[in-house]
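The next block holds one structure in the form of structure tokens; read it before the comments.
Atom set for the values below is all heavy atoms of this structure, side chains included, hydrogens, waters and symmetry mates excluded.
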Amino acid sequence: MLITNGTLLTMGDSPRVIPGGAVYLEEDTIIEVGSTAELTTKHRHEQVLDAEGKIVMPGLICGHTHFYGAFARGMAIPGTPPENFVEILEKLWWKVDRALTLEDSQYSALVALVDAIRHGTTTLIDHHASPNAIDGSLDAIAEAVKQAGLRAALCYEVTDRNGEEGALAGIAENVRFIRQLQTHPHPHLAASFGLHAAFTVSDATLERCVQETQDLPVGFHIHVAEDKADQADSLRQYGIRVLERLEKRGVLGPKTIAVHCVHIDAFEMDALRATGTHVTHQPRSNMNNAVGVANVEAMLRRNINVALGNDGFSNNMFTEMHVTYLLHKINAGDPRAIPGDVVAQIAFANNTKLASVFWPQPVGVLEPGAFADIILLDYYPFTPLTDGNFPWHIIFGMDGSHVTHTIAGGKILMKDRELLTLDEEAIAAKATELAKGVWRRVAAM
């Protein structure tokens, strides 16, 4: 397929704006990027998608999400409002995940994937929990991903908060799914080994998880120091800080994702750098939970790969970029904090580096050899769009609502805002009924 007459934003380490650009792809891979005149001459007989002047850019990547969070939208928490992060977990999230069935897990994923397609997010790294429906839960989500045609890396959250049996079941689900993908790989699916957070996982469980991964080609996906309570628990129980404990236990490494890292110190940042561990930043979630603001600039100065996730908020990653840009300025009291080009680095180049943990070809860039994950936006700037200023067009002009076409693995998933792989109306109707059951079970807890 040949996409013509677009304004290309290539992203990657050396991003360019190519007016009148074209992208030629074969099957699931980009073969050439250049001018429409050049590529039309070379590929005269190919199927053509005329971008008609739209923005053509890589599909967006979400470095950390929770599909199952979709069923909590609008839910009123029974009783008095939670006063802190631990109460939010106890009163809301740890009730929601216990209320999920396998069907709930699958449909909450489908709802999230519809949202992702609509807003141009083509790659997602999910972190799942359903303590009363663990076995097969990753298969249920994987089936939704395959239906949608998007790209996703999955894991199950291991925790001791549901007893030893629950922890062992979570470990088994991770191992089973990882080995299943080794035996029966799928181009759009990948896996990591999920852990909830240091404060809900004992040393014995950590040791067991690390042992299980010795012959598996994966790292861990774990929430780290999202709230001060995580550090307080680590210091009280183990006499050391969270990342020091995780490093000593062998959890950190170049395939591991440390989510949030809001309350870490300089020594812990050094541990992240030394081990090559990835960090993901989720500003909307951190603001919503009032847990604080991660020192992203300090981590970037140390060459830690800080990528961008959404923690289960909407899959409009443009909004996550907008919030990143604004939050750090008000937090620092300095309009120079996290400028637009740094936001673009985090959301594109750094997320591409994170995705390379899971997929053999580049994701999130328009270049030869990259996966053909591409989106079109009907954003027509009335000021110049250049190599030097495109990040600020993303911040102040572009949004997921501008997405008209979403392509993943060379397959068109949405054309002119019409979904082609998922029946949005049927999914919404079924999800609405299932969500009612989840809410009833939560209210009864």
For side-chain contact (heavy atoms from CB on, under 4.5 Å), just list the numbers for Leu206 and Leu195, CA-CA rounded to whole Å, side-chain angles, deciding distance to a tenth of an Å, and then say yes or no.
CA-CA 9 Å; Leu206 280 180; Leu195 301 169; 3.9 Å; yes

Where do Glu268 and Gln231 land on the side-chain hydrogen bond (donor to acceptor under 3.5 Å, both in side chains) test, with the steps shown first?
CA-CA 11 Å; Glu268 290 176 291; Gln231 291 289 9; 3.0 Å; yes

Let me see the working for His223 and Phe199 under side-chain contact (heavy atoms from CB on, under 4.5 Å), right down to the final yes or no.
CA-CA 10 Å; His223 301 94; Phe199 71 96; over 6 Å; no

Start with the C-alpha gap between His128 and Phe67, add the side-chain angles, then the distance that decides, and say whether ring pair (Phe, Tyr, Trp, His ring centres under 6.0 Å) holds.
CA-CA 7 Å; His128 182 64; Phe67 291 151; 8.7 Å; no

Please lay out, stage by stage, how His66 and His64 fare under the test side-chain hydrogen bond (donor to acceptor under 3.5 Å, both in side chains).
CA-CA 7 Å; His66 300 281; His64 170 75; 3.2 Å; yes

Lys436/Glu433 under salt bridge (Lys or Arg N to Asp or Glu O under 4.0 Å): CA gap, chis, key distance, verdict:
CA-CA 5 Å; Lys436 292 175 184 176; Glu433 288 305 309; 3.2 Å; yes

Should His196 and Trp93 be marked as a ring pair (Phe, Tyr, Trp, His ring centres under 6.0 Å) after you check the CA-CA gap, both sets of side-chain angles, and the distance that decides it?
CA-CA 12 Å; His196 172 245; Trp93 294 114; over 10 Å; no

When you look at Arg176 and Asp139, which way does the salt bridge (Lys or Arg N to Asp or Glu O under 4.0 Å) test go after all the steps?
CA-CA 10 Å; Arg176 182 197 64 76; Asp139 285 344; 2.9 Å; yes

Apply salt bridge (Lys or Arg N to Asp or Glu O under 4.0 Å) to the pair Lys248 and Glu244, showing each step before the final yes or no.
CA-CA 6 Å; Lys248 286 185 174 182; Glu244 183 181 0; 3.7 Å; yes

Any chance you could lay out the side-chain hydrogen bond (donor to acceptor under 3.5 Å, both in side chains) test for His260 and Asn286, step after step, and finish with the verdict?
CA-CA 8 Å; His260 299 300; Asn286 296 160; 3.2 Å; yes

One pair to check against side-chain contact (heavy atoms from CB on, under 4.5 Å): Phe318 and Leu377. What are the steps and the verdict?
CA-CA 12 Å; Phe318 286 95; Leu377 291 79; 3.6 Å; yes

Could you give me the CA-CA distance, side-chain angles and deciding distance for Arg161 and Asp97, then say whether salt bridge (Lys or Arg N to Asp or Glu O under 4.0 Å) is met?
CA-CA 12 Å; Arg161 64 184 173 85; Asp97 64 22; 2.4 Å; yes

Using side-chain contact (heavy atoms from CB on, under 4.5 Å), reason through Leu413 and Leu420 one step at a time and then give a plain yes or no.
CA-CA 5 Å; Leu413 311 183; Leu420 304 181; 5.9 Å; no

side-chain hydrogen bond (donor to acceptor under 3.5 Å, both in side chains), that's the test. Do Thr121 and Asn315 meet it? Break it down for me.
CA-CA 7 Å; Thr121 301; Asn315 285 309; 5.5 Å; no

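Around the CZ atom of Arg73, the shell of radius 6.0 Å holds no more than 12 heavy atoms that belong to other residues, nucleotides or ligands. Atom CD of Gln214 has more than 12 heavy atoms from other residues, nucleotides or ligands within 6.0 Å. For Gln237, the CD atom counts as densely surrounded, since its 6.0 Å shell holds more than 12 non-hydrogen atoms of other residues, nucleotides or ligands. No more than 12 heavy-atom neighbours from other residues, nucleotides or ligands sit within 6.0 angstrom of CZ on Arg16. For Glu143, the CD atom counts as densely surrounded, since its 6.0 Å shell holds more than 12 non-hydrogen atoms of other residues, nucleotides or ligands.
Once rounded to the nearest 0.5 Å, the distance linking OG of Ser137 with CG of Asn132 reads 11.5 Å. Residue Asp399 holds its CG atom at 6.5 Å from NE2 of His119, rounded to the nearest 0.5 Å. The distance from atom OG of Ser192 to atom CG of Leu216, rounded to the nearest 0.5 Å, is 11.5 Å. Note that the NZ atom of Lys411 and the OG1 atom of Thr421 stand 6.0 Å from one another [nearest 0.5 Å]. To the nearest 0.5 angstrom, Asn310 atom CG is 11.0 Å from Leu60 atom CG. Between the NE2 atom of His221 and the OH atom of Tyr156 there is a distance of 14.5 Å, given to the nearest 0.5 Å.
Under the side-chain hydrogen bond (donor to acceptor under 3.5 Å, both in side chains) test applied with Glu320, the options Arg284, Gln282, His281 reduce to a single match, Arg284. Among Val293, Asn288, Asn289, the single residue meeting the side-chain contact (heavy atoms from CB on, under 4.5 Å) criterion with Val291 is Asn289.
Between the side chain of His322 and the backbone N or O of Met398, at least one donor-acceptor pair lies under 3.5 Å. Counting only distance, with no hydrogens or angles, the side chain of Thr277 and the backbone of Gly253 share a donor-acceptor pair below 3.5 Å. The backbone N or O of Thr80 lies less than 3.5 Å from a partner atom in the side chain of Lys91, making a donor-acceptor pair. Distance alone, capped at 3.5 Å, is enough to place a donor-acceptor pair between the Asn351 side chain and the Ile61 backbone. In this structure, the side chain of His127 does not engage the main chain of Gly194 through any donor-acceptor pair within 3.5 Å. In this structure a side-chain-to-backbone donor-acceptor pair under 3.5 Å is present from Thr432 to Ala428. Although no hydrogens or angles enter the test, the distance criterion places a donor-acceptor pair under 3.5 Å between the side chain of Lys329 and the main chain of Ile338. Although no hydrogens or angles enter the test, the distance criterion places a donor-acceptor pair under 3.5 Å between the side chain of Trp359 and the main chain of Pro187. Distance alone, capped at 3.5 Å, places no donor-acceptor pair between the Ser108 side chain and the Phe71 backbone. Although no hydrogens or angles enter the test, the distance criterion places no donor-acceptor pair under 3.5 Å between the side chain of Thr406 and the main chain of Ile375.
For the salt bridge (Lys or Arg N to Asp or Glu O under 4.0 Å) test, residues two or more places apart in sequence or in another chain that qualify with Asp203 are Arg245, Arg249. Residues satisfying the salt bridge (Lys or Arg N to Asp or Glu O under 4.0 Å) test with Glu247, not counting sequence neighbours, are none.
Residues Phe358 and Val363 form no side-chain contact, since every pair of their non-hydrogen atoms from C-beta on lies 4.5 Å or further apart. Leu102 places none of its side-chain heavy atoms less than 4.5 Å from the side chain of Ser130. You'll find the side chain of Val242 stays beyond 4.5 Å of the side chain of Ile264, heavy atoms only.
Salt-bridge formation is not detected for the pair Lys353/Asp13: no Lys NZ or Arg NE/NH1/NH2 atom is positioned less than 4.0 Å from an Asp or Glu carboxylate oxygen. Ion pair Asp115/Arg118 not flagged as a salt bridge, since none of the NZ, NE, NH1 or NH2 atoms sits closer than 4.0 Å to an Asp/Glu carboxylate oxygen. For Lys415 and Glu418, the salt-bridge test fails: no basic side-chain N is under 4.0 Å from an acidic carboxylate O. Checked for salt-bridge contact, Arg151 and Asp28 miss the test: no charged N lies under 4.0 Å from a carboxylate O. Ion pairing between a basic and an acidic side chain is recognised when a charged N comes within 4.0 Å of a carboxylate O; Glu297 and Arg301 show no such pairing.
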